There are 2 protein chains.
Amino acid sequence: MGVRAQQKEKTRRALVDAAFNQLSAERSFSSLSLREVAREAGIAPTSFYRHFKDMDELGLTMVDEGGLTLRQLMRKGRQRAASGGSVIRTSAETFMEVLDSNPNVFRILLHERSGTTPAFRAAVAREIRHFIAELAHYIEQQADRPSDAAWAQAEALVTLVFHSGAEALDLKSSQRKPLTERLVLQLRMVVKGAEGLANRY
Amino acid sequence: MGVRAQQKEKTRRALVDAAFNQLSAERSFSSLSLREVAREAGIAPTSFYRHFKDMDELGLTMVDEGGLTLRQLMRKGRQRAASGGSVIRTSAETFMEVLDSNPNVFRILLHERSGTTPAFRAAVAREIRHFIAELAHYIEQQADRPSDAAWAQAEALVTLVFHSGAEALDLKSSQRKPLTERLVLQLRMVVKGAEGLANRY
DNA sequence: TAAATTAGCTTACAACTGTAAGCTCAAAAT
DNA sequence: ATTTTGAGCTTACAGTTGTAAGCTAATTTA
């Protein structure tokens with residue numbers, strides 16, 4: 001890669017990072033202006049267009065990148081569970097740790113899931129579907145369940161995890177223990193109930 | 001009430017209604033400007049301040065009003081269930097009907113739940129807590145469950161219902177049947193699982 | 001070596017925002 | 001009958017936004 005392409009890539013990253021860094025509980029992606037992001041990245045507003053067609057394109061890049069990051073981290077967590085310990089508990093705790101270290105990655109997914117841009121909602125939905133698919137696959141194999149039931153179960157589990165994640169974002173990490181316990185209990189309900197329904201019919 | 005107070009109330013309603021009407025899948029409350037709302041309500045921008053301190057105050061009014069409306073509709077639905085039929089199925093179907101007739105009432109709750117204004121998030125959380133409390137109370141009585149387990153269960157149920165509601169918003173009402181069926185299945189998992197966990201210990 | 005490409009810049013503009021100041025005039029209070 | 005109140009208006013201003021036009025200078029290509 002030439003000197004020029006290298007510098008361009010560096011600036012592009014600066015833009016993505018600038019946008020991620022400006023996210024917070026009080027600041028969503030859609031509330032960021034092109035000029036703010038450019039300012040934070042240290043370039044002129046109009047130079048932004050050398051990298052992205054518009055803010056939407058930047059945002060979609062972030063959603064994709066965020067979804068990938070999150071899945072990688074969760075996969076690492078599942079490896080930890082494989083080497084001993086409850087899958088449910090380990091997964092719940094892993095997720096909370098991810099929140100702690102990458103809050104803004106989760107924030108953009110959470111917020112844009114119910115955002116106003118159809119393209120964003122679709123992108124987030126796709127990322128979440130990846131989550132569900134991985135989990136549904138695991139359930140199908142592990143519990144030998146028909147695939148539609150496995151999907152419904154996986155979706156319920158992911159929904160509950162995301163919801164607790166959203167609540168956890170508003171708390172200091174020291175306050176998250178009871179929330180995690182309640183989440184574990186809710187996940188157990190779903191798993192136990194899915195077993196019950198599968199065995200009865 | 002005097003003529004004057006009557007007219008004022010009328011304009012206030014016009015503002016609230018204007019704001020509700022401007023909501024859509026592509027337009028969240030926080031993306032509305034004061035001037036837009038005033039325009040739609042047929043008053044001058046500066047006259048807005050005769051009724052609300054700022055847009056946040058209008059938004060909080062809408063959240064309160066929306067939460068109330070939603071709970072009233074759901075209560076009506078529960079009465080229908082009392083006179084025969086599965087509670088789970090009837091509740092799920094009622095919720096979908098509410099979505100159909102009052103999409104924007106649900107939209108503001110859904111969107112501001114993960115929005116950027118702390119006051120909004122708190123207000124929505126409070127409304128949802130009302131939902132959960134009503135349901136937890138029902139479960140405690142009906143199934144004689146300890147109150148913390150009943151709460152966790154109720155929260156899980158409400159979480160799943162809201163999530164399906166969010167997905168349903170993006171669909172035409174004719175496309176919502178399978179989604180409702182999946183929701184019913186997920187709710188059954190939770191109920192069944194909660195039973196299982198309660199009986200085992 | 002000469003020409004072409006391009007990342008980033010400066011300047012500029014029209015559109016929109018929230019809101020301050022102050023007027024009008026009908027209803028309410030005295 | 002007179003005064004006070006207040007909902008709604010017009011005008012005005014400063015700030016921010018996205019983005020168009022065109023320049024510069026350094027890398028890349030021919």
Side-chain angles (χ1 to χ4, degrees), chain A residues 1-24 26-62 108 111-112 115-120, chain B residues 1-24 26-62 108 111-112 115-120:
Chain A
M1 196 163 63
V3 176
R4 201 164 194 161
Q6 245 171 32
Q7 176 53 36
K8 180 167 187 183
E9 180 55 32
K10 205 171 149 190
T11 304
R12 188 189 149 101
R13 264 251 66 80
L15 282 169
V16 173
D17 291 344
F20 265 121
N21 285 334
Q22 304 215 37
L23 295 182
S24 74
E26 290 79 27
R27 215 80 166 71
S28 71
F29 174 78
S30 49
S31 83
L32 300 180
S33 74
L34 182 153
R35 291 174 100 107
E36 279 178 308
V37 174
R39 205 180 302 137
E40 176 87 3
I43 64 169
T46 48
S47 300
F48 178 95
Y49 298 104
R50 302 287 184 194
H51 302 272
F52 300 99
K53 175 178 158 289
D54 52 23
M55 281 292 283
D56 277 13
E57 198 171 288
L58 169 59
L60 289 175
T61 300
M62 291 167 73
I108 192 169
H111 191 99
E112 300 307 326
T116 56
T117 318
F120 274 54
Chain B
M1 195 165 59
V3 175
R4 198 163 195 159
Q6 245 172 28
Q7 177 53 36
K8 178 164 188 184
E9 180 55 30
K10 206 170 149 192
T11 304
R12 188 188 149 101
R13 264 252 65 81
L15 282 168
V16 173
D17 290 344
F20 265 121
N21 285 334
Q22 306 216 34
L23 295 181
S24 74
E26 290 80 26
R27 213 82 164 72
S28 71
F29 174 78
S30 48
S31 84
L32 300 181
S33 74
L34 182 152
R35 291 173 99 109
E36 279 178 307
V37 174
R39 206 179 303 136
E40 176 87 4
I43 64 169
T46 47
S47 301
F48 179 95
Y49 298 105
R50 301 286 184 195
H51 302 272
F52 300 99
K53 176 177 156 289
D54 52 24
M55 282 292 283
D56 277 13
E57 199 172 286
L58 168 59
L60 290 175
T61 300
M62 291 168 71
I108 193 169
H111 193 267
E112 299 309 325
T116 56
T117 318
F120 273 53

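The model shown is predicted, which means the values in this text are computed figures rather than measured ones. Each chain gets a letter, A, B and so on, in the order the sequences are listed, and its residues count up from 1. Only heavy atoms go into these numbers, but all of them, side chains included; no hydrogens, no water, no symmetry mates.
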#### Entry: Below 4.0 Å: OP1/OP2 of D:dC9 and any side-chain N or O of B:S47
yes
#### Entry: A:R50 side-chain proximity, nearest of D:dG18, D:dG22, D:dG8
D:dG22
### Rounded interatomic separation in angstrom, taking CG from A:D56 and P from D:dT19
10 Å
#### Entry: Gap between atoms OH and P, on A:Y49 and D:dT17 respectively (whole Å)
12 Å
### Query
Of B:T46 and B:A5, whose nearest nucleotide on DNA chain C comes first from the 5' end?
B:T46
### Query
What is the distance from NZ of A:K10 to P of D:dT27, rounded to the nearest Å?
13 Å
### Task
In whole angstrom, give the distance that lies between atom CD of B:E9 and atom P of D:dA7.
12 Å
### Value in whole Å for how far the P atom of D:dG18 lies from CZ of A:R35
7 Å
### Query
Between B:R12 (CZ) and D:dG6 (C1'), how many Å, whole number?
16 Å
### Query
With a non-hydrogen cut-off below 4.0 angstrom, is B:S33 in contact with a base, only sugar-phosphate, or nothing?
sugar-phosphate
### Query
First and last nucleotide of DNA chain C touching chain B, 5' to 3', heavy-atom cut-off 4.0 Å?
C:dT17 to C:dA28
### Message
Between C1' on D:dG18 and CG on A:D54, what's the gap in Å once rounded to a whole number?
### Response
11 Å
## Note on the structure
Against the side chain of B:K8, the closest entry in D:dA7, D:dA12, D:dT19 is D:dA7
